Number of protein chains: 2
Amino acid sequence: MRIGELSSRTGVSVRSLRYYEEQGILTSVRSAGGQRHYTEEHVDRVGFIRCLFAAGLSSRAVAELLPCADAPSDRTTGAALERMRNERDRLSDRIGELARARDRLDGLIAANEAYQSRTPSSRSRNSLRSTPPP
Amino acid sequence: MRIGELSSRTGVSVRSLRYYEEQGILTSVRSAGGQRHYTEEHVDRVGFIRCLFAAGLSSRAVAELLPCADAPSDRTTGAALERMRNERDRLSDRIGELARARDRLDGLIAANEAYQSRTPSSRSRNSLRSTPPP
DNA sequence: CTAGAACCTCACATCGGTGTCAGAGGCAAG
DNA sequence: CTTGCCTCTGACACCGATGTGAGGTTCTAG
């Protein structure tokens with residue numbers, strides 16, 4: 001398939017697909033006229049890239065992981081394996097950060113909901129408190 | 001305290017603190033000469049901002065949430081409450097994304113570890129497989 | 001063969017948060 | 001008052017992924 005079809009099937013813009021190739025994380029076979037051609041496998045590859053991108057990995061980081069992703073092989077150096085572990089740990093940390101932020105938001109939401117459910121007459125007095133009284 | 005101290009106490013650069021003020025998410029009281037002065041509360045405020053930033057919220061999003069964060073009050077409109085819920089849900093979705101990516105990384109790591117722990121003689125044959133044989 | 005759709009490369013623009021620099025002014029200790 | 005540190009504003013630069021547009025080429029249907 002050509003780049004337009006890969007784009008519509010993955011939901012990734014043509015521009016981005018070309019960028020991925022430029023960054024060395026997506027390959028293509030060129031036709032005689034220079035047009036890119038892809039196979040079904042590239043659809044999966046793009047999905048994988050998007051997954052890692054969504055997780056906040058940079059194209060450089062993805063480029064370093066892909067040799068291992070394609071197939072475990074002797075080229076999968078210990079260093080690459082360590083990079084994968086590092087990224088995974090970084091992801092875990094990040095998930096923790098997000099969870100903390102979500103908890104803080106939950107606290108705010110609860111406080112505001114509690115406030116709003118009180119009777120109007122009880123409201124006007126304590127508009128400076130950040131938590132409801134016990 | 002002045003901006004330098006707030007910076008060193010929060011670990012946030014002076015430049016960023018000024019930027020936060022410019023974005024309306026951090027306040028300060030100016031001295032006669034125009035210098036910013038802060039109180040202890042601002043230390044917490046900066047921490048809160050950093051938490052939300054770390055979670056991927058934009059300064060605009062933070063600006064919309066802060067009126068509710070300071071204190072539940074009548075200014076906390078239903079719309080603002082809804083925005084908070086939206087952000088929280090967005091965060092939950094994002095956490096899911098990260099978790100998915102982490103699982104994929106874990107799969108890769110496991111596959112590569114399994115590969116590497118095999119005997120050297122069994123390696124050379126299947127370097128094109130993406131999963132170990134059953 | 002021809003028209004039109006799809007594709008090519010190259011280059012510049014965008015966004016948000018931050019770094020950095022220049023030139024000027026505030027403030028406290030000596 | 002001077003010295004030295006801190007702060008002020010304003011401007012420009014950066015990063016990474018993507019958008020956008022120009023100008024030219026390839027492919028495919030009729």
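To find a chain, count down the sequence lines: A is the first, B the second, and so on, and within it residues start at 1. This is a predicted model, so every value here is computed, not measured.
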Euclidean distance, atom [atom1] of residue [X] to atom [atom2] of [N] [Å, nearest integer]:
{"X": "A:Arg30", "N": "C:dC7", "atom1": "CZ", "atom2": "P", "answer": "13 Å"}
{"X": "A:Leu17", "N": "C:dA6", "atom1": "CG", "atom2": "C1'", "answer": "14 Å"}
{"X": "A:Tyr19", "N": "C:dA11", "atom1": "OH", "atom2": "C1'", "answer": "16 Å"}

Out of C:dC12, C:dC27, C:dA6, which nucleotide sits closest to the side chain of A:Arg15?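 Closest of the options to the side chain of A:Arg15: C:dC12.
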
Consider the side chain of B:Arg50, meaning its heavy atoms from C-beta on, and name the nucleotide among C:dT18, C:dC7, C:dT9 that approaches it most closely.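 Of all the options, the side chain of B:Arg50 is nearest to C:dT18.
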
[X] side-chain N/O to [N] phosphate OP1/OP2 under 4.0 Å:
{"X": "B:Tyr20", "N": "C:dT18", "answer": "yes"}
{"X": "B:Ser31", "N": "C:dC27", "answer": "yes"}
{"X": "B:Ser59", "N": "C:dG16", "answer": "no"}

Should the pair B:Arg2-B:Glu5 be classified as a salt bridge under the 4.0 Å nitrogen-to-oxygen rule?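 Here B:Arg2 does not pair with B:Glu5 in a salt bridge, since their nearest N and O are not under 4.0 Å apart.
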
A:Glu40/A:Arg9 ion pair, N-O < 4.0 Å: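 Yes, A:Glu40 and A:Arg9 are salt-bridged.
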
Heavy atoms of chain B, cut-off under 4.0 Å: which first and last nucleotide of DNA chain D, 5' to 3', fall inside that, if you could look?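 Endpoints of the contacted stretch of DNA chain D: D:dC6 to D:dA11.
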
Any side-chain donor-acceptor pair under 3.5 Å between B:Arg50 and B:Tyr20?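 Judged by distance alone, the side chains do pair up.
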
Can you name the salt bridge (Lys or Arg N to Asp or Glu O under 4.0 Å) partners of A:Arg85, sequence neighbours left out?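 Partners of A:Arg85 by the salt bridge (Lys or Arg N to Asp or Glu O under 4.0 Å) criterion, ordered by chain and then number, come out as B:Glu113.
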
Within the 4.0 Å heavy-atom criterion, would you say A:Arg60 contacts the bases, only the backbone, or no part of the nucleic acid?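 No contact at all - A:Arg60 keeps every heavy atom at 4.0 Å or more from the nucleic acid.
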
Quick check on DNA chain C: between A:Arg18 and B:His37, whose nearest nucleotide comes earlier from the 5' end?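 On the 5' side of the pair lies A:Arg18.
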
Hey, which sits more toward the 5' end of DNA chain C by its nearest nucleotide, B:Arg2 or A:Glu5?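 Counting from the 5' end, the first nearest nucleotide belongs to A:Glu5.
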
Name the residue closer to the 5' end of DNA chain D, choosing between A:Gly33 and A:Ser13 according to the nucleotide with the nearest heavy atom.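 Result of the comparison: A:Ser13.
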
If you compare all heavy atoms of B:Gly56 against all heavy atoms of B:Arg90, which two are closest, and at what distance to 0.1 Å?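 Closest heavy-atom pair between B:Gly56 and B:Arg90: O-NH2, 4.1 Å.
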
Which pair of non-hydrogen atoms, one from B:Arg104 and one from A:Gly47, has the smallest distance, and what is that distance?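 Scanning both residues, the minimum pair turns out to be NH1-O, 4.3 Å.
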
What residues form a side chain to side chain contact (heavy atoms under 4.5 Å, CB included) with B:Arg18, not counting sequence neighbours?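 By the side chain to side chain contact (heavy atoms under 4.5 Å, CB included) rule, B:Arg18 matches B:Ile3, B:Val14, B:Arg36.
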
